[in-house]
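So that the names make sense, note that chain A is the first sequence line, chain B the second, and so on, each numbered from 1.
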Number of protein chains: 2
Amino acid sequence: MPSDRDEMPARPTISEVAAEAGVGRATAARTLGGYGYVSPEMRERVLAAADKLGYRANALARSMSTGVSHTLGVILADIGNPFFAGVMRGISDTSRARGFDTIVLSTYEDLDEEIAAVNVLIDKRVDGVIVASTAVGPGEVAHIRAAVDRGVPVVLVDRAVASLDLDAVVIDNRDAAREAVETLIAAGHRRIGFVWGPPAAQVPATRRELLAEASRNLWTDGERLRGYLDALDDARIPFDPDLVMVGRKTEERVTQEVARMLALPDRMTALFCTETEAVTGALRALRAAGLAYPHDVALIGFDDSAWAAVMDPPLTMIEQPVHRLGAKAAEVLLDTIGGAEPRREMHTLRSRLVMRSSVAPPAS
Amino acid sequence: MPSDRDEMPARPTISEVAAEAGVGRATAARTLGGYGYVSPEMRERVLAAADKLGYRANALARSMSTGVSHTLGVILADIGNPFFAGVMRGISDTSRARGFDTIVLSTYEDLDEEIAAVNVLIDKRVDGVIVASTAVGPGEVAHIRAAVDRGVPVVLVDRAVASLDLDAVVIDNRDAAREAVETLIAAGHRRIGFVWGPPAAQVPATRRELLAEASRNLWTDGERLRGYLDALDDARIPFDPDLVMVGRKTEERVTQEVARMLALPDRMTALFCTETEAVTGALRALRAAGLAYPHDVALIGFDDSAWAAVMDPPLTMIEQPVHRLGAKAAEVLLDTIGGAEPRREMHTLRSRLVMRSSVAPPAS
DNA sequence: CTGTTAGCGCATTCAT
DNA sequence: ATGAATGCGCTAACAG
């Protein structure tokens, strides 16, 4: 071990800087903390001493006495998902611009992880938290409510939670889904598959039951389902439970389910995917069945990407304003931390359907 | 504002719990902190009081007096890159399993951001840091060296830094690149393009200069270049500067450069991409030129993905053990935090070439 | 086994 | 304008 004989302390404190500068601690604290009055001369000496010792303020100690940490906590469902990675960048860009650090935790869609994450953030005394919650029912939000009750500002991003009256920054999921399905319908399709992911073991047979199920689901999924149904209704196309997938939207499950829909006697001719892995899963199923898009089945999916654009043919996809979503969430949170009264409302951003070449009329 | 009349403090402290339980602070601290001896009865009372008040330890105060935070700092070049997102998951999974939280910062390949990130982490008193550094030369590592000097354990991940003698967890970049290029050569190719990204304005004309340039570059890029050259050498194929791209590997630049290589009189027949955006960029160029893979040009790229598998034809790609990379880095770091003497060595993990259908013999 | 006491590093009155 | 004294919530000797 070199370099730790008797040089200078690895982490000089403010007292050591004060001693080195030959002033009182308070004076050193004032200049280093940037508050209160300090004469130019003293100031110079303190700065020089601090520089010489390589002083860095201990953020913990500082938060300890001020009560604020200038840190935002962020809880995302899956940081490995490019969608959330983009949202994160929006959050981190705007919070950094306003002098805040961010600490990110990924729950991987596990509620227990989310609860643990909230606790970690509260324990670390973050000034506020942004969360894309995996909670669905009123019975799963106790941890968020607890945070709010403890006085921690919380804003929801991507997924609103019905039973929580908080600011939420989301996109127009229902409209986006409707537009996509309408596009399919306009191309002449009537047998339109829907890759959805209710945890239920089987698809409810009736619309009514399905809608009920939707409310017990992730908000985004519920909205997208409603949009799908809206489009069907407007075109007077009856809802067919066989055309909606059930179970978690893993690529494998999607492949299976799409294969099933493809094998239906009255085969589907178009497919709408609510997630990016759903698209790759569907593509696998198509290939396995020896089918090609858009000829055999038209395709539209959520979440645009570089890949979608270079596929052959290129995929028509819904592009979400990921960066803006994160930036807006951070702005709202930062504002309420700054003292603004929370408006507790839904901030809805617009998505965009990027037309490319995965939609064609049914082969007939 | 409901719920804050005169109920209980939003954030009860250990003293309040002690008071509520009618015991001394130390006793409360001992049971809540899980150390020292406490009789079962006292213990019960404290626990009950804590539960009643909804007590949660203040992690800041705790770190303050113990000097440890049970938190790992992670600095990644770009959390939006699925590669790093995967690495992050490896890190977070294993550190959580060992009782550590992680705080992630993304530098987006900016050295100043990286320096700021190191400072943030040190200020927050993390117990160790994992970094995928964008630093290339000895002149750009002062911040990392400073951290080490302050006694903070540091382990490098993905990118080793020549001038830093630290533990580094990486993959066999040179071998991986060589194997890929060898595969191309074995298929009969001799005009093999290489999407590389030296910041230099133009490609050095000679091998010697190129290699020199490599050392002034990101370590991974240097290694991959060496692998490319290794394969060429073994097959006695002369190096042609026209076949290597220069400049940052953004999708746009790649598209331009690949188009250039495609327009060469003695056209390239195969392409090796060292990055995932390079692949999409190349694909765009191919389409624009009205060319198809693998017929007109064979293709191999770094970083496998779900998309690569569903492309038509599916892409032959190098798969990196992303999760393992992160897990191993966390293990090494946690071990040295735990007191193990750092071995300061390179931990090399094996990548894997996933053969699919983007390589075929040259059209001739 | 339990309670008292003294810091951790900083911000912040309060006198001077 | 500056310095001495307190407190943030917790851990850790230390005594009882």
Review point. Between B/Arg89 and A/Tyr108, is NZ or CZ placed under 6.0 angstrom from the six-membered ring centre and within 45° of the ring axis?
Key: yes
Exercise for review: Ignoring backbone atoms, establish whether B/Thr27 has a side-chain N or O less than 4.0 Å from OP1 or OP2 of C/dC1.
Suggested key: no
Review point. Does the pair B/Asp123/A/Arg56 count as a salt bridge with the N-to-O cut at 4.0 Å?
Key: yes
Review point. Is B/Arg96 salt-bridged to A/Glu113, going by a charged N under 4.0 Å from an acidic O?
Key: yes
Pair [X], [Y]: side-chain N/O donor-acceptor within cut-off below 3.5 Å:
X	Y	result
A/Ser133	A/Glu114	yes
A/Lys124	B/Thr71	yes
B/His143	B/Asn119	no

Review point. Could you give the OH-to-P distance, from B/Tyr37 to C/dG3, as a whole number of Å?
Key: 18 Å
Practice item. Send over the distance from B/Ile122 CD1 to C/dG9 P, rounded to a whole Å. Key: 16 Å
Point to revise | Intra- and inter-strand pairs of DNA chain D in dot-bracket (Watson-Crick or G-U wobble, both distances under 3.5 Å; | for another strand) | key: ||||||||||||||||
Exercise for review: Check step by step if side chain to side chain contact (heavy atoms under 4.5 Å, CB included) holds for A/His70 and A/Asp101.
Suggested key: CA-CA 6 Å; A/His70 276 268; A/Asp101 298 319; 5.7 Å; no
Check your understanding: For nucleotides 5-14 of chain D, read 5' to 3', which letter fits each nucleotide if B means a protein heavy atom sits under 4.0 Å from the base, S means only the sugar-phosphate is that close, and - means neither?
Key -> --BBBBBB--
**Study point:** Option among A/Leu32, A/Val38, A/Val17 that satisfies the side-chain contact (heavy atoms from CB on, under 4.5 Å) test with A/Leu47
**Key:** A/Leu32
